[in-house]
Each structure stands twice: as C-alpha cells, then as structure tokens.
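Lettering follows sequence order; numbering is per chain, from 1. Note that the coordinates shown come from a computational prediction; the quantities given were computed from them, not determined experimentally.
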Amino acid sequence: MPAVLTRLIAAEFRKLCTTRLWLWLLLVSAVWTAGYTALATALSGRPGGLTPALSGAAGQHALFAIGAGGAAPLAAILAAAGTAGEFRHRTAAATFLATPRRARVIAAKLTIYLLAGTGYGVACIAVGAAVALPWLSARGTPLSLATHGNLAVLGAVVISAALFGMTGAGLGALLGSEIITIAGLLLFLYVAEPLLSHISALSSWTLYLPGVAADGLTQASQAGVRLLPPWQGGLVLAGWAVVIAAAGTVLTVRRDIT
Amino acid sequence: MTARETGRITVSGLTKRFGRVTAVNGLSFTAAPGAVTGFLGPNGAGKTTTLRMLAGLVAPDAGAATISGHAYTRLASPGREAGVVLEAAGFHPARTGRDHLRVYCTASGYPLRRADEVLALTGLAAAGRRKARGYSLGMRQRLALAAALLGDPVALILDEPANGLDPEGIAWLRGLLRDFARSGRTVLYSSHVLPEVEQLADHVVIVSGGRLVRQGTLAELTGGRGGLEQVFLSLTARPVPGCPPC
C-alpha cells in the first residue's frame, strides 16, 4: 500500500477515535443485538416465535444473523457521519487542504469504515453469543458457534456489517449532508425496503435491493421475502457498496468546497 | 522550482461563475515572497472565492492560481508550500484542538509534536486539550492559524484572519505576519479593516465585482491622495449605492 494511503487511513482512524460517536453507536448496536437475541431465545420453541426451533440449523442461523441487524445499520450511520460530517462541521476544507487529492481521502474513509463495520460485526456476534449460549445451555439446548454451519453465518454477519460501513461512507460522500444521508438510510432500510420486499409481484427485482441482498447474505429469516443465496447476496451487496463509493468519490472530487 | 518562484503566489486570468453570477472575472495579480500583500475589496468582490481557488477548494472556470509555480492541488507537499486560513474555519465540536491538529499531522506525515509546537506558537497551549465547542471566535481563529502553520509553509494565505481577535490578538497577529514576511516568505491576506492593512501591508491588491481595480505598494496607492480608506472608497465606488453589481 502506498505510504500516502497508509498515512491517510491512520488520520481517518485518529478522527474516528478522537470523538465518542463510535462508542455510542456501538452501544446502540449491542443493545439492539442483545435485546433481539434475548427475545428470539425466550420465544424459541413457541408457535409464532422469531426463529425456527433453535435445536436445528435453520433456527441457529436465524439467531446468529440477528447480529447483522444490530451491527450493519449503525456501522452505516457511523460511516455517514464520518464522511458527510466533514461538510456539516466544515472540516472538509481542512481535510482537503492537507490532502488536495480528494479521491485518496475518500479511499481512506472507505477503508476505515469497512474496518469499523467489521469491528461492529464482531462485537455484535460476541454480544449475541453471550446472551444466547449460556441461556440455551441452561435450558438444555447447548449451541455451538462451530457446528451446523454457524461459522458461515457469523462470517456473513461480519461481511454484511463491513459492506454497510463502506456503503454508508460512500453515501455520505455522495450526498454531502449528514442529516439527509442518515435519514435516507433509515427510511430506506426500515420503511421503503420492507414495504417493497413484501410485495411478491416485485420479488424478482426487490431481492437485489441492498438490505434484501444483505438478508440473503446472512439468510436472516424474513417470512414471505424472497432472498438470494448467500454468495449472490454478498456479491450484490458488494456491488452496491462499490457503485455508491465510486459515485461518492467522483462527486467529492468535483464538488466546490465553499 | 527556482528560488525566485518559491512561495510566490500568482493569479492569472482567474474566473469563476456560480450559476449566472460571475464571482471572479479575469483576475490577475501576484503576491511576492518577503512581503505582506493585503487583498481588499467590498463584500461580494470575490476575495473569498479567489482564495479558495488558490487553495484548490473551488475549481476555476478559467485561468490559473499557483503557489511556487504550481497549482495547490499539484503540490507534492501542499502544507509545506502554503498554510491556509479560511473564513469561518470549521472544527468538530467534540474534538479537542490538539486532536484536530494531530489528525492533520498524521495526514501530512508531520511528527505529532508539531501539534504542540503550533499550539504554543498561537497561544493555545492551555486550551489545546479542550473540546472545540467551547472555543471563542478568537480561539477558533488561532486554531485555524495553528493548523496553517503545521507544515512550516513558505506562504500564508489568510481570509479575514483578524476576525474575532481582541486588540491584543490583532497586535500579536500583526507581529507574526510581519516576521513571517521578513524571513523571506509570502503573506497574502484579505481584510476589511483598512487601518490594520495600512499598518501591516507592503503591497495592496484591490478588487471589486470580481475584477482587479488596482495593485501596487501602499505608497503608490495612497501617494498624495490621503489615506487608504479614501483611495479604497473612490476605487470601489458603485454606480448605485447599496445595489450589488448587476
């Protein structure tokens, strides 16, 4: 890796660590994951629960995929704040004065938020496991991270959170407004996508939407929603991340910083 | 790069349009090493846009702005060539002034101790570990200046650097800029405060409506015609008072 890019990644890491936002958002994602995992565990085995029976592979996969729901959106919000926030706080000028080759700055941001998403994914897996494993063990349904193909799901959770981090950074660079980026992300992921993806007449294309593709990657159980197989879901999500990042880079390079 | 070019700021035929408004219109001037050049003009004359084009933040529609013979965006080590202080510089409210500077030390490859050195130089040593949200306007100006000095540049480009400074701060800034120019480096700064410019500037560039009105030494501009204020007002007078150039 060229020395300049290493320096810029280190500078972005320093930006990330010198405010507390990463910690607050990580706490939110951990609480979400812990709460949802506890609910799924408590309701398991009852008719109408959140997951299939946790003694089987399908139930365990759905349980572990919950971590992606906690980690990915908050990694995207953190990343959006990290890129679009430079315009909100008017630090973009200082950043581009230090590094006039703006594409390099965006490349460093994409890298650091890909890594931040990875960290969020790993943290949420740990939180989910810490809630579910002792509980289920006490109930006589011992569960292992390493059996039933669970490791693949855990890997998918980390990849999903990492790609969401990268997508959030790209979207923040593209839109240049922190509030619009975060509001847009939340509306899209929690309103528009769930509405569209439950319309079965549209399912031939809604399964390529980023959030639905991410559910395909982790095989998060969503009754009535058609999902891509994991590897295809991962590729489609990566495609979204790359396209949005490229558009955000082009626009940032061309934008006047006034 | 020749010795003559080091730190020299050259603006030639610079033009920028925002929609139908031409903010800067074929502007040409130079700011030489070893001198303080005051950049004057009424509100909306295009000063800020010109300085932002010099700093590579706004892309010109025509013409060129160079520092040491190169566009800012093409400089190998921009922070070592030019330190830039923009109007209303921004800081993350939750980041300390010291951390702000350390971020840009890392980005530019300077040792982290430069952050403490420029904090001391700008009188912010005691405030460096406080979050920027608690800074006064004068402290923010000092922090912006500290960031501009990180790379120990050969030129300083400053947009209204005295804004928000108290009288003591203004005197301090005057001394700093004067010493900077005396060491053979370039200072280009915009200001509204004409008595301040009269005290400090060796050269003056006056713009109005995005065009050059006059440039020269302070003595050339004011020779036999009273103070800088009278000269400025007569040169930048508009046909209809209070009406923006249209």
| said: In the structure I gave you, are the side-chain heavy atoms of Thr73(B) and Phe96(A) within less than 4.5 Å of one another anywhere? | reply: no

| query | Heavy atoms, side chains only, cut-off 4.5 Å: are Leu97(A) and Leu86(B) in contact? | reply | yes

Might you point out which heavy atoms bring [X] and [Y] nearest each other, and give the distance in Å?
| X | Y | result |
| --- | --- | --- |
| Ala93(A) | Leu57(B) | CB-CD1, 3.9 Å |
| Ala98(A) | Tyr104(B) | CB-CD2, 3.8 Å |
| Val103(B) | Ala11(A) | O-CB, 3.6 Å |
| Ala107(B) | Arg7(A) | O-NE, 3.2 Å |

Within 6.0 angstrom of [X] [atom1], more than 12 heavy atoms from elsewhere:
| X | atom1 | value |
| --- | --- | --- |
| Phe188(A) | CZ | yes |
| Leu151(A) | CG | yes |
| Arg211(B) | CZ | no |
| Leu187(A) | CG | yes |

| note | Quick note, side-chain hydrogen bond (donor to acceptor under 3.5 Å, both in side chains) partners involving residues 12-28 of chain A, not counting sequence neighbours, are Glu12(A)-Lys15(A), Glu12(A)-Lys109(A), Arg14(A)-Thr106(B), Lys15(A)-Glu86(A), Lys15(A)-Thr95(A), Thr18(A)-Arg95(B)

Which atoms of [X] approach chain A - backbone, side chain, both or neither, heavy atom under 4.5 Å:
| X | value |
| --- | --- |
| Lys131(B) | neither |
| Tyr72(B) | both |
| Ala147(B) | neither |

| field | For chain B, the option from His89(A), Arg255(A), Arg254(A) that forms the most heavy-atom pairs under 4.5 Å | value | His89(A)

| said: I need the His100(B) NE2 to Thr91(A) OG1 distance, nearest 0.5 Å. | reply: 7.5 Å

| task | Kindly compute the distance separating NZ (Lys16(B)) from OG1 (Thr258(A)), expressed to the nearest 0.5 Å. | result | 9.5 Å

| message | Heavy-atom cut-off 4.5 Å, strictly under: side chain, backbone, both or neither for Arg102(A) against chain B? | response | side chain

| note | Highest number of heavy-atom pairs under 4.5 Å with chain A among Ala144(B), Ala148(B), Gly109(B) belongs to Gly109(B)

